[in-house]
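Scroll down for the structure; my scribbles are underneath it.
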Amino acid sequence: MSAPTRRIGSLDVSALGMGVMPVSQDRIPAVPHGQAIATVHAALDAGITFFDTADTFAPSWDTMGHNEKIVAEALRTWSGDASQVVVATKGGITRGAGERWGRDGSADYLRSALEKSLVNLETDAVDLYYWHRPDRSIRYAEGVQTLAALREEGLIREIGISNANLEEIEVAREVLGDGGLAAVQNQFSLTFFHTSREELAHCGTHGIAFVPFSPLGGTGGGARGLGRRFPQVAQIAEAHGVSPQRVVLAWQLSLGDHVIPIPGAGRPASITDSAAAMTLRLSQDELDTINEIIA
């Protein structure tokens, strides 16, 4: 199934992607392997061609790369043509014994993380590689310069930064030059927007894709409570005969052609419903009603 598309640098992707993290992390009970593969296949069947993963998305510290391997297997075993699918992954967060989390933006660490991701994803180059979170022990420009060098080597096609503020976005733009920063992935939803709304607008001004993660409120059950928390969204959903989640994603897509939400999913039905947001058309009055929530 074909779907509306948007651009991330040189890459053409479906207007809405899939955050694959829920099939590997933060789910009790854990998502069975077969269900994880089926969920990615359902996304592909629904026209999604953009998948977001990270090296740290895993059930435990000693299974780093678990989510990347799920993505690779799902693409390899899908019955359709996966040659145009775009996969984004991330590096720069450390995870060690005893679930000790940290950050390392050094050149050696980012190179090592990327090389492991290439193996996990069964590819020679990552389509879109994000610096996952800033490492405050180094200058931000240093981490971005490392990504630029890795791109020069052909190991990365496009560069992104995640969890970045306005100042860091500008540093990345300065280091990479005009058009060099392809995407910014930040949290953005009806419950988390106070800073990321500015970042979303800033990216639109400079031709950078803005990729909202946790667009439905995160893995802690925020998506399930959307209709209860926001009655106006529930009313619009009822009028269209669709889920509140689909309404929220359609609203996010209306915020600019550079906005590409990546709702997470651990079940085929969830991502199939989310994908349908790409063709849901809300009236201007409905959009205005939702916009008032973040005004």
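Side chains included, hydrogens not; waters and symmetry mates left out as well; all remaining heavy atoms used.
In this model, a donor atom of one side chain and an acceptor atom of the other lie less than 3.5 Å apart for E68 and T89. Side-chain contact, R173 with H206: a donor N or O sits under 3.5 Å from an acceptor N or O. Side-chain atoms of S137 and D135 include a donor-acceptor pair closer than 3.5 Å. D52 and Q185 are linked by a side-chain donor-acceptor pair at a separation below 3.5 angstrom, with hydrogens and angles left out of the test. Checking N163 against W131 by side-chain atom types alone, no donor-acceptor pair falls below 3.5 Å. In the model, S117 has no side-chain atom that pairs as donor or acceptor with a side-chain atom of D55 under 3.5 Å. Of the N and O atoms on the side chains of H66 and S60, not one donor lies less than 3.5 Å from an acceptor on the other residue. Checking S196 against N186 by side-chain atom types alone, no donor-acceptor pair falls below 3.5 Å.
Between R111 and E153, some side-chain heavy-atom pair lies under the 4.5 Å cut-off. Side-chain atoms of T56 and H132, non-hydrogen and from C-beta on, do get closer than 4.5 Å to each other. Proximity of V87 to V126: side-chain heavy atoms (C-beta onward) are nowhere separated by under 4.5 Å.
The salt bridge (Lys or Arg N to Asp or Glu O under 4.0 Å) search around R267 returns none, not counting sequence neighbours. In this view, S274 satisfies the side-chain hydrogen bond (donor to acceptor under 3.5 Å, both in side chains) rule with no residue, not counting sequence neighbours. Listed by chain and residue number, nothing satisfies the salt bridge (Lys or Arg N to Asp or Glu O under 4.0 Å) test with R229 (two or more places apart in sequence, or in another chain). Applying the side-chain hydrogen bond (donor to acceptor under 3.5 Å, both in side chains) rule to S283 yields the partners E286; only residues at least two apart in sequence or on another chain are considered. Taking D104 as the reference, nothing meets the salt bridge (Lys or Arg N to Asp or Glu O under 4.0 Å) condition, with sequence neighbours excluded. Legend: residues meeting side-chain contact (heavy atoms from CB on, under 4.5 Å) with A72, ordered by chain and number and at least two apart, are E122. Applying the salt bridge (Lys or Arg N to Asp or Glu O under 4.0 Å) test to D127 and every residue at least two apart in sequence or in another chain returns R157.
R95 has a carboxylate O that lies under 4.0 Å from a charged side-chain N of E99, or vice versa, which qualifies the two as a salt bridge.
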Donor-acceptor pairs under 3.5 Å, side chain of residues 14-22 to any protein atom, not counting sequence neighbours: which ones?
unit_1: S14; atom_1: OG; unit_2: L16; atom_2: O; d: 2.8
unit_1: S14; atom_1: OG; unit_2: T49; atom_2: N; d: 2.9

Can you give each donor-acceptor pair under 3.5 Å made by side-chain atoms of residues 138-145, sequence neighbours left out, with the distance rounded to 0.1 Å?
none

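Here Y109 is tied into one hydrophobic group with M64, each link being a pair of ILVMFWY side chains closer than 4.5 Å. If you chain together ILVMFWY residues whose side-chain heavy atoms come under 4.5 Å of each other, W101 ends up grouped with I93. Hydrophobic clustering, defined by side-chain heavy atoms of Ile, Leu, Val, Met, Phe, Trp and Tyr closer than 4.5 Å, groups I260 together with I8, L11, V13, F50, V86, L128, Y130, V211, F213, I262.
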E73 and R76: salt bridge (Lys or Arg N to Asp or Glu O under 4.0 Å), yes or no, with the steps? CA-CA 5 Å; E73 180 181 347; R76 179 171 19 90; 5.2 Å; no
Could you go through E168 and R136, starting from their C-alpha distance and side-chain angles, then the distance that decides it, and tell me whether this counts as salt bridge (Lys or Arg N to Asp or Glu O under 4.0 Å)? CA-CA 12 Å; E168 289 158 347; R136 303 301 184 195; 2.4 Å; yes
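The backbone N or O of Y129 lies less than 3.5 Å from no partner atom in the side chain of K90, so there is not a single donor-acceptor pair. The backbone N or O of P32 sits nowhere less than 3.5 Å from a side-chain atom of Q35 that would complete a donor-acceptor pair.
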